[in-house]
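Everything below concerns the one structure shown next.
Each chain gets a letter, A, B and so on, in the order its sequence line appears, and its residues count up from 1.
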Protein chains: 2
Amino acid sequence: MVEAETPELVPQREVILRTAARLFREKGYERTTVRDLANAVGLQSGSLFHHFATKTEILAEVMKRGLDLASEQVADAIAAESTPDARLKAMFRSYLKALLSPECRDYMTVLLYDFRSLPPDLAREVHGYRTTQENRWRAVLRESLSDDWSDAEIRLVSQFVFGAMCWSLQWYNPSGTATLDELAEQFMQMAMSACRVNDCTREEAAKDRT
Amino acid sequence: MVEAETPELVPQREVILRTAARLFREKGYERTTVRDLANAVGLQSGSLFHHFATKTEILAEVMKRGLDLASEQVADAIAAESTPDARLKAMFRSYLKALLSPECRDYMTVLLYDFRSLPPDLAREVHGYRTTQENRWRAVLRESLSDDWSDAEIRLVSQFVFGAMCWSLQWYNPSGTATLDELAEQFMQMAMSACRVNDCTREEAAKDRT
DNA sequence: TTATATACCAAGCGCTTGCTTGGTCAACCG
DNA sequence: CGGTTGACCAAGCAAGCGCTTGGTATATAA
């Protein structure tokens with residue numbers, strides 16, 4: 001037998017992962033049974049364990065895939081720019097586009113919302129992955145913002161902005177009126193605006209101090 | 001027998017709800033068994049069903065409680081202000097403070113992150129609740145922002161800002177250095193800043209058009 | 001041709017789950 | 001006092017869960 005669902009030459013393991021990501025996003029990891037998944041792929045439930053040792057392994061793989069896909073897109077977008085400011089804008093834009101893109105959306109939703117279902121060891125691994133990314137992004141912020149931002153302030157603004165973006169997974173509707181590019185543009189502008197908080201308040205504070 | 005955990009006169013049903021909210025936040029609804037919950041309260045698992053008909057009912061109750069608590073605090077904060085701008089600021093500040101407050105945090109986390117575990121009918125009910133709130137908040141935004149903001153733009157900025165706040169439930173650590181008040185102040189400023197996107201870009205667009 | 005490996009199915013095992021049942025005991029009420 | 005009620009326990013049931021087992025069909029390689 002060759003392939004039921006996708007006649008192309010895409011490995012079964014890959015098909016399972018994609019389907020798993022979709023189901024996990026729709027119903028949550030815990031509410032998706034191995035029978036659901038097997039059925040969606042066109043297998044018997046037991047046959048899944050020919051490709052993965054445990055259901056948990058599938059979850060971890062889906063999450064890692066999400067991280068890899070998103071961080072690659074962002075890294076590429078940043079690398080294409082030559083000034084700190086342009087890199088920051090590219091980061092914001094590309095991150096939202098990556099998050100919500102059809103290729104990435106399912107994986108990222110699982111990564112961000114089914115974190116608690118990972119066993120401690122894998123949770124630590126995925127968490128490490130995540131902080132690495134966050135540090136990379138804070139570096140881009142640091143590079144663009146004025147020097148008098150403290151580390152704590154940088155962290156706060158990054159949590160604010162990336163929180164806003166991650167949350168978009170909850171409400172974004174691909175069949176809406178606005179295109180993904182328009183959305184990314186507007187989010188980028190709001191994000192840049194949020195990064196400019198201190199440009200005025202800080203001046204006021206300086207005045208107060210003198 | 002009177003009361004094991006809390007000697008005060010707080011109804012057992014209330015104790016169960018509080019404990020459930022805490023456990024659901026920590027482990028997720030699906031991964032929390034009725035035995036876990038009963039044990040944490042000091043009961044046998046079957047005894048829970050003397051107070052609630054199903055596990056689902058507990059979840060729904062926890063979520064409604066979260067919505068009620070948060071929206072009450074925000075409503076009070078808004079009512080205390082007299083100008084549109086002050087009301088907007090009060091809304092941002094009070095929402096973050098409500099979200100992260102010890103009394104509310106568990107409930108809200110469950111509300112925002114275990115949505116998929118609700119059966120369709122209850123999901124619709126809670127969803128209705130949520131959109132009512134959102135509309136109320138958009139009205140406050142509308143009142144404060146300049147008239148040339150479209151409905152779509154208002155919706156976008158509200159999704160951006162409230163997304164950023166909701167996400168704080170994921171990373172906020174009550175034992176951190178910054179107080180909740182400081183955090184709320186800084187978030188409010190970033191939120192206000194994000195609302196001011198158009199103040200400059202729009203002018204540019206206007207110039208382009210003429 | 002025989003041998004080996006891969007991808008799968010059919011069946012089901014053992015365990016955990018939400019929930020039920022039947023009964024106990026203290027508190028309250030007429 | 002006797003009777004009712006509300007809160008609980010001890011035990012366990014049926015269903016669903018992740019996963020295992022033993023076997024089959026096909027493809028490749030010797």
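Counting only N and O atoms by type, the side chains of A:Thr179 and A:Asp181 include no donor and acceptor under 3.5 Å apart. A donor and an acceptor atom, one from each side chain of B:Thr132 and B:Asn135, are nowhere located under 3.5 Å apart. Between the side chains of B:Glu153 and B:Ser150, a donor-acceptor pair is found at a separation under 3.5 Å.
Atom CD in A:Glu57 sits roughly 14 Å away from atom C1' in D:dG18 (whole-Å rounding). In this structure, B:Phe52 places its CZ atom 17 Å from P of D:dG6, rounding to the nearest Å. Distance, B:Glu30 CD to D:dG16 P: 15 Å, rounded to whole Å. As a whole-Å value, the separation of B:Lys55 NZ from C:dT16 P is 15 Å. Nucleotide C:dT17 holds its C1' atom 13 Å from the NZ atom of B:Lys27, rounded to whole Å. Across the protein-nucleic acid pair, A:Phe49 atom CZ and D:dC17 atom P stand 12 Å apart, rounded to whole Å. Atom pair B:Arg13:CZ and D:dG6:C1' shows a separation of 15 Å (rounding to whole Å applied). The distance between atom CD1 of B:Ile16 and atom C1' of D:dA7, rounded to the nearest whole Å, is 10 Å.
B:Thr54 comes within 4.0 angstrom of the backbone, heavy atoms only, and of no base. When heavy atoms are screened at a 4.0 angstrom cut-off, B:Ser47 is found touching base atoms of the nucleic acid. As judged by a 4.0 angstrom heavy-atom cut-off over every strand, A:Thr32 is placed among residues touching the sugar-phosphate backbone only. Contacts of A:Leu43 with the nucleic acid, taken as non-hydrogen atoms under 4.0 Å apart, involve only primed sugar atoms and P, OP1 or OP2.
Side-chain atoms of B:Arg35 lie closest to D:dG12 of the nucleotides D:dG18, D:dG12, C:dA10. For B:Gln12, counting side-chain heavy atoms from C-beta on, the closest listed nucleotide (D:dG18, C:dA7, D:dC8) is D:dC8.
At the phosphate of D:dA10, OP1 or OP2 sits under 4.0 Å from a side-chain N or O atom of B:Gln44. Applying the 4.0 Å criterion to OP1 and OP2 of D:dC8, one finds that B:His50 has every side-chain N and O outside that range.
Summary of the strand contacts: A:Ser45 and A:His51 both lie near DNA chain C, and taking for each the nucleotide with the nearest heavy atom, the more 5' one is attributed to A:His51. Heavy-atom nearest nucleotides on DNA chain D were determined for A:Asp36 and for A:Ala53, and the one closer to the 5' end corresponds to A:Asp36.
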Show me, pair by pair, the donor-acceptor contacts under 3.5 angstrom made by side chains of residues 117-129 of chain A, not counting sequence neighbours?
unit_1, atom_1, unit_2, atom_2, d
A:Ser117, OG, A:Glu30, OE2, 2.9
A:Glu125, OE2, A:Lys64, NZ, 3.1

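Note on A:Asp76 versus A:Lys97: no salt bridge recorded, every NZ/NE/NH1/NH2 to OD/OE distance being 4.0 Å or above.
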